[in-house]
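Here is the naming used below: chain letters follow the sequence lines, and residue numbers restart at 1 for every chain.
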Number of protein chains: 2
Amino acid sequence: MHETASSQPRKESKKELQAEAARERILSAVIDCLDRYGYAETSISRIQEAAGFSRGALTHHFPSKEEMMVVAAERLLRPTLSLRRRKHPAGAASEAVLAVDVEADIVWMWEKLVDTSEGRALLEILVASRTDDVLRQRIATKFARWNNAINETLIENYGQSGMDGQALQEFWTICRVFLRGLNTQSQFDPDDGMRKALVRRFAHAFAAQMSRPRD
Amino acid sequence: MHETASSQPRKESKKELQAEAARERILSAVIDCLDRYGYAETSISRIQEAAGFSRGALTHHFPSKEEMMVVAAERLLRPTLSLRRRKHPAGAASEAVLAVDVEADIVWMWEKLVDTSEGRALLEILVASRTDDVLRQRIATKFARWNNAINETLIENYGQSGMDGQALQEFWTICRVFLRGLNTQSQFDPDDGMRKALVRRFAHAFAAQMSRPRD
DNA sequence: CAATACAAAACGAACGTACGGTTTGTCTAT
DNA sequence: ATAGACAAACCGTACGTTCGTTTTGTATTG
């Protein structure tokens, strides 16, 4: 072993790049299968087929199916998907602006984070981890960190509202829970219309609550 | 087949009673396994073990596992669990009374309908039906009817609020979706405290929105 | 700059296991 | 006696894993 420290991305050997690309392709296949077939029906064969690799290649990159699922979950819980910061014009009509922003952010979360392959795959993993002890233990801290990261970003954006931090955390958690729950009945109205209407209705009521003084 | 019409429960032969009790026991075992092990890990062996029956008994009462699941789903979607009617004192302070009632009903729904074995089993079936076409087709209409029945009961109780029927339906659907979503992360805080706090926070905001005039 | 040596990558067959379904047998109540 | 209620053994299948082989990229020689 030479001293090619991993902190120096200088010399990414071609093989390492290839291996990393393969792992990425496999993880994408896992997420795709979770969305299409659900956690239970996501078999090695299905992943193999979706990724375009052989059975042996999968076991070469991941020692077990469980490991594949955990790494896929880690990818879904990567904090890379953060809301963009908003710059608020300091001063007048702050409440109205705030409400509009909250509504827009919620709709954006629904369309870009939840109502996607990744969002549905995450739902499958979360529901599976409800009854799978080892899976739950392995993703619990990542999930908590992910929730906190989202909350912090949102609180940073909306901290000037009248609510304290605790209440804000709870409100955004409610929002996340609602959007995730909406994915549990997406199969019953193939047209997005109804769900999107619900999102808007929720966002509107939610924003109204947030931009009002606490009682 | 004699002409013992099912509309005449007059002569329930002892054997029929026994068979019905066995079916009920099996269905309870299914729901229990769905809650404990999840949809994927609910196998015939597990159900057999939980119900205290042999493999043969299960296949005697239900032709297939899918049929068992569908009938279990039908049991979970039975309209028997309806909110009790509330009698409102016609007259003063109706808005405040309304808000209190809404909050109480939501907490009641969470504790008695959603945060239960049956509620979690229903979550498992709904998530499974997202990717299982035959299961979805077989429970779709029952699920829709169940949602409508709940909505109608609630609208009957709260019809005097300022909202129109469409908005009320959407609001209660939002409530149901949120409570179901809360079950998808119940495994991460074994203490009910946090979830119950979220329910209360949601119920409070929800009630405030409902007892306010529309904009 | 070849030629060789070695490790990683990809492959596919084989294995044991657990599942759902089926069949056969036994007992009980009518 | 006859049909239903339950039990137990059996069958084919699909799963996840293991393992030996082949291929490909990289490093080390002359």
*Asks:* Enumerate the salt bridge (Lys or Arg N to Asp or Glu O under 4.0 Å) contacts for residues 120-129 of chain A, please, sequence neighbours excluded, ordered by first and then second residue.
*Replies:*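 Qualifying pairs, neighbours excluded: Asp35(A)-Arg120(A), Asp115(A)-Arg120(A), Glu124(A)-Arg130(B).
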
*Asks:* Assess, by modelled atom type and distance only, whether the side chains of Gln48(B) and Ser54(B) contain a donor and an acceptor separated by less than 3.5 Å.
*Replies:*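 Checked: Gln48(B)/Ser54(B) side chains show no N/O donor-acceptor pair below 3.5 Å.
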
*Asks:* So, using salt bridge (charged side-chain N to carboxylate O under 4.0 Å, His left out) as the criterion, who are the partners of Arg55(B) when residues are at least two apart?
*Replies:* none

*Asks:* Given Leu182(A), which partner from the list Leu198(A), Val177(A), Val114(A) fulfils the side-chain contact (heavy atoms from CB on, under 4.5 Å) test?
*Replies:* Leu198(A)

*Asks:* Run the side chain to side chain contact (heavy atoms under 4.5 Å, CB included) test against Gln137(B) and tell me which residues pass, sequence neighbours left out.
*Replies:* none

*Asks:* Output all residues satisfying ring pair (Phe, Tyr, Trp, His ring centres under 6.0 Å) with Phe188(B), sequence neighbours left out; order by chain, then residue number.
*Replies:* Phe143(A)

*Asks:* For DNA chain D, find the residues of residues 132-139 of chain A with a heavy-atom distance under 4.0 Å and give them by number; none if there aren't any.
*Replies:* none

*Asks:* Taking atom P of dC15(D) as reference, at what distance in whole Å does atom OH of Tyr37(A) sit?
*Replies:* 12 Å

*Asks:* Between Thr153(B) (side chain) and Ala149(B) (backbone), is there a donor-acceptor pair under 3.5 Å?
*Replies:*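 Yes, Thr153(B) side chain to Ala149(B) backbone: donor-acceptor pair under 3.5 Å.
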
*Asks:* For the helix from dC1(C)-dG30(D) to dT30(C)-dA1(D), measure the angle between the helix axis at one end and the axis at the other, each built from five pairs, rounding to 10°.
*Replies:* 0°

*Asks:* Assign a letter to each nucleotide of nucleotides 12-22 of chain C from its 5' end: B, base within under 4.0 Å of a protein heavy atom; S, sugar-phosphate only; -, no contact.
*Replies:* BB-----SBBB

*Asks:* So, using salt bridge (charged side-chain N to carboxylate O under 4.0 Å, His left out) as the criterion, who are the partners of Arg200(A) when residues are at least two apart?
*Replies:* none

*Asks:* When you check the phosphate oxygens OP1 and OP2 of dA10(C), does a side-chain N or O of His60(A) lie under 4.0 Å from one of them?
*Replies:* no

*Asks:* Over how many whole Å does the gap from Glu20(A) atom CD to dA10(C) atom P extend?
*Replies:*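 Going from Glu20(A) (CD) to dA10(C) (P), I get 12 Å.
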
*Asks:* Measure from CD on Glu49(A) to C1' on dC11(C) and round the result to the nearest Å.
*Replies:* 17 Å

*Asks:* For Asp189(B), check side chain to side chain contact (heavy atoms under 4.5 Å, CB included) against everything at least two apart and list the hits.
*Replies:*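 Partners of Asp189(B) under the side chain to side chain contact (heavy atoms under 4.5 Å, CB included) test: Met194(B), Arg195(B).
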
*Asks:* Which parts of residues 120-131 of chain B get close to DNA chain C, meaning a heavy atom less than 4.0 angstrom away?
*Replies:*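 Listed by number, there are none.
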
*Asks:* Expressed in angstrom and rounded to an integer, what is the separation of Gln48(B) atom CD from dC6(D) atom C1'?
*Replies:*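 Whole-Å distance recorded here is 11 Å.
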
*Asks:* Quickly work out the Ile47(A) CD1 to dG16(D) P distance and round it to whole Å.
*Replies:* 8 Å

*Asks:* Of all residues at least two apart in sequence or in a different chain, which pass the salt bridge (charged side-chain N to carboxylate O under 4.0 Å, His left out) check with Glu74(A)?
*Replies:* Lys142(A)

*Asks:* Establish, from distance only, whether the side-chain atoms of Arg176(B) and Gln185(A) form a donor-acceptor pair under 3.5 Å.
*Replies:* no

*Asks:* Does His61(B) put a side-chain nitrogen or oxygen below 4.0 Å from OP1 or OP2 of dG4(D)?
*Replies:* no

*Asks:* Show, in sequence, the C-alpha distance, side-chain angles and deciding distance for Ser129(A) and Gln187(B), and conclude whether the side-chain hydrogen bond (donor to acceptor under 3.5 Å, both in side chains) test is met.
*Replies:* CA-CA 8 Å; Ser129(A) 76; Gln187(B) 65 272 26; 3.0 Å; yes

*Asks:* Not counting sequence neighbours, which residues clear salt bridge (charged side-chain N to carboxylate O under 4.0 Å, His left out) with Arg36(A)? List them please.
*Replies:* Asp32(A)

*Asks:* Find the distance Phe62(B):CZ to dC6(D):C1' and express it as a whole number of Å.
*Replies:*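 Answer to the nearest Å: 15 Å.
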
*Asks:* Nearest-Å distance, CZ (Phe53(A)) to C1' (dA8(C))?
*Replies:*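 Result: 13 Å.
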
*Asks:* Using a strict cut-off of less than 4.0 Å between a Lys/Arg side-chain nitrogen and an Asp/Glu carboxylate oxygen, indicate whether Arg23(B) and Glu20(B) qualify as a salt bridge.
*Replies:* yes

